[in-house]
There are 2 protein chains.
Amino acid sequence: MQNSEALALAATLLAAAGDLTQRINDGVVARGFEARPAWGFAFARLAPDGATVTELAGHLGVTKQAASQLVDEIVRKGYAERRPHPADARARLVVLTERGWACTRAAEEAAAEAVRAWVDVLGEGEVRALRERLGRIAPYGPIRPAW
Amino acid sequence: MQNSEALALAATLLAAAGDLTQRINDGVVARGFEARPAWGFAFARLAPDGATVTELAGHLGVTKQAASQLVDEIVRKGYAERRPHPADARARLVVLTERGWACTRAAEEAAAEAVRAWVDVLGEGEVRALRERLGRIAPYGPIRPAW
DNA sequence: AAATATAGTCAAGCTGCTTGACCATTTACG
DNA sequence: CGTAAATGGTCAAGCAGCTTGACTATATTT
């Protein structure tokens, strides 16, 4: 593979990721929520059982101060709340409110809608294959802006 | 495809794009250049015959003021220079210097190196297929941070 | 029980972007 | 043609989201 091809692959990957992120966020906003792109991925981490600020920071690939600010914001807007952590008095468990769950579902719907456009082009099998391949490359890296 | 899968696909795509971008930038820095991730993609646009600030802005998906600032920076650091545009006295053609070309080649090498890790996991054919599929999804969108 | 590590917050600062205003040139049109 | 509108570029100011640094409170280690 030529060097220039590798850079083109990177560019295409970034373009696809940016496009998808934009579409998801647009879809979430269209469903009546006031959200930033990062929120969807924060919510995905909070969804099952909540998370601490530090865990969230790791997931998003930012400092805990930045994660704390993000939590401030989603708490202020009513998507989550801070509770005392059941097992550690230093920590606080951030959990989604009902509104937070609704927004999470909206993000999932919007993502499905955006991906559907891909399925129309590539077919379901190819999209699955795409996901499977990407999963083998970047299994569990932090979810953060590309630069 | 379930909604939650679609969001997971988005997350994986972002993780892969972020990982690759990081690796490329690290590689460029390791080769002795002082560069930001966006520069590589700016250089790729400038490489063949130069470009105007406005064209660059479109390519990167930012305002022309932001593109102009980026050009200021790469000019100050000796990677490019502004020349009068041959056909339009309002415009200025931004072209790479020799140092700019060297940095571009370094970015391509670093990208190839990063992609090589993917080839080791997936095999050459799969990586090509990946690129081909992504190309059909996001043919020529702006190259910009995911959020 | 003393030392060290960890969860979280407050405060200040920086970077890269945006919006708004403006000038110079080019293009469109009456 | 000549004038109005569009376009390329820059300057200036402001801002959002992040970082580093400092600090408190609780937990863990020795």
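All values below come from the heavy atoms of this structure, side chains included, with hydrogens, waters and symmetry mates left out. We name chains A, B, ... by the order of the sequence lines, and we start the count at 1 in each one.
- When rounded to the nearest whole Å, the span between NE2 of B/H85 and P of D/dG9 equals 8 Å.
- Residue A/R92 has a polar side-chain atom (N or O) positioned under 4.0 Å from OP1 or OP2 of C/dT9.
- A close approach under 4.0 Å does occur between a side-chain nitrogen or oxygen of B/R82 and OP1 or OP2 of D/dT10.
- Near DNA chain D, defined here as any heavy-atom distance below 4.0 Å, the residues from residues 64-81 of chain A are A/Q65, A/A66, A/Q69, listed numerically.
- Rounded to an integer number of Å, the gap from CG of B/D88 to P of C/dT27 is 6 Å.
- Each side chain to side chain donor-acceptor pair (under 3.5 Å) pair with one or both residues in residues 101-112 of chain A, not counting sequence neighbours, appears once here: A/R31-A/E109, A/E98-A/R105.
- The base of D/dT7 sits with one of its N or O atoms less than 3.5 Å from a complementary donor or acceptor on the side chain of B/R90.
- Counting heavy atoms from C-beta outward, A/V94 and A/L56 have side chains that stay 4.5 Å or more apart.
- For the segment residues 47-56 of chain A, no residue has any heavy atom less than 4.0 angstrom from an atom of DNA chain D.
- Of the residues listed (A/V95, A/V71, A/I74), the one engaging A/L46 in a side chain to side chain contact (heavy atoms under 4.5 Å, CB included) is A/I74, and it is the only one.
- Proximity of A/L13 to A/L134: side-chain heavy atoms (C-beta onward) are separated by under 4.5 Å at one or more points.
- Under 4.0 Å is where a charged nitrogen must lie from a carboxylate oxygen, and between B/E132 and B/R128 no such pair does.
- Of the listed residues (A/R90, A/H85, A/R92), just one forms a side-chain hydrogen bond (donor to acceptor under 3.5 Å, both in side chains) with A/D88, and that residue is A/R90.
- Remark: B/E126 pairs with A/R133 by the side-chain hydrogen bond (donor to acceptor under 3.5 Å, both in side chains) rule, at least two apart or across chains.
- For B/R23 and B/E113, the salt-bridge test fails: no basic side-chain N is under 4.0 Å from an acidic carboxylate O.
- Contacts with DNA chain D (heavy atom under 4.0 Å) in residues 23-31 of chain B: none are found.
- Note on B/Y79 and B/V62: same hydrophobic cluster, where clusters join Ile, Leu, Val, Met, Phe, Trp and Tyr whose side-chain heavy atoms are under 4.5 Å apart, directly or indirectly.
- For the helix from C/dA1-D/dT30 to C/dG30-D/dC1, the axis fitted to the five pairs at one end and the axis fitted to the five pairs at the other end meet at an angle of 30° (nearest 10 degrees).
- Counting heavy-atom neighbours within 6.0 Å of A/R83 CZ, excluding the residue itself, gives a total of 12 or less.
- Tracing side-chain contacts under 4.5 Å through hydrophobic residues (I, L, V, M, F, W, Y), one reaches A/V115 starting from A/V121; they form part of the same cluster.
- Note that CZ of B/R36 is 5.0 Å distant from CG of B/L70, once rounded to the nearest 0.5 Å.
- Both B/L130 and B/L20 are members of a single hydrophobic cluster when ILVMFWY side chains are connected at heavy-atom separations under 4.5 Å.
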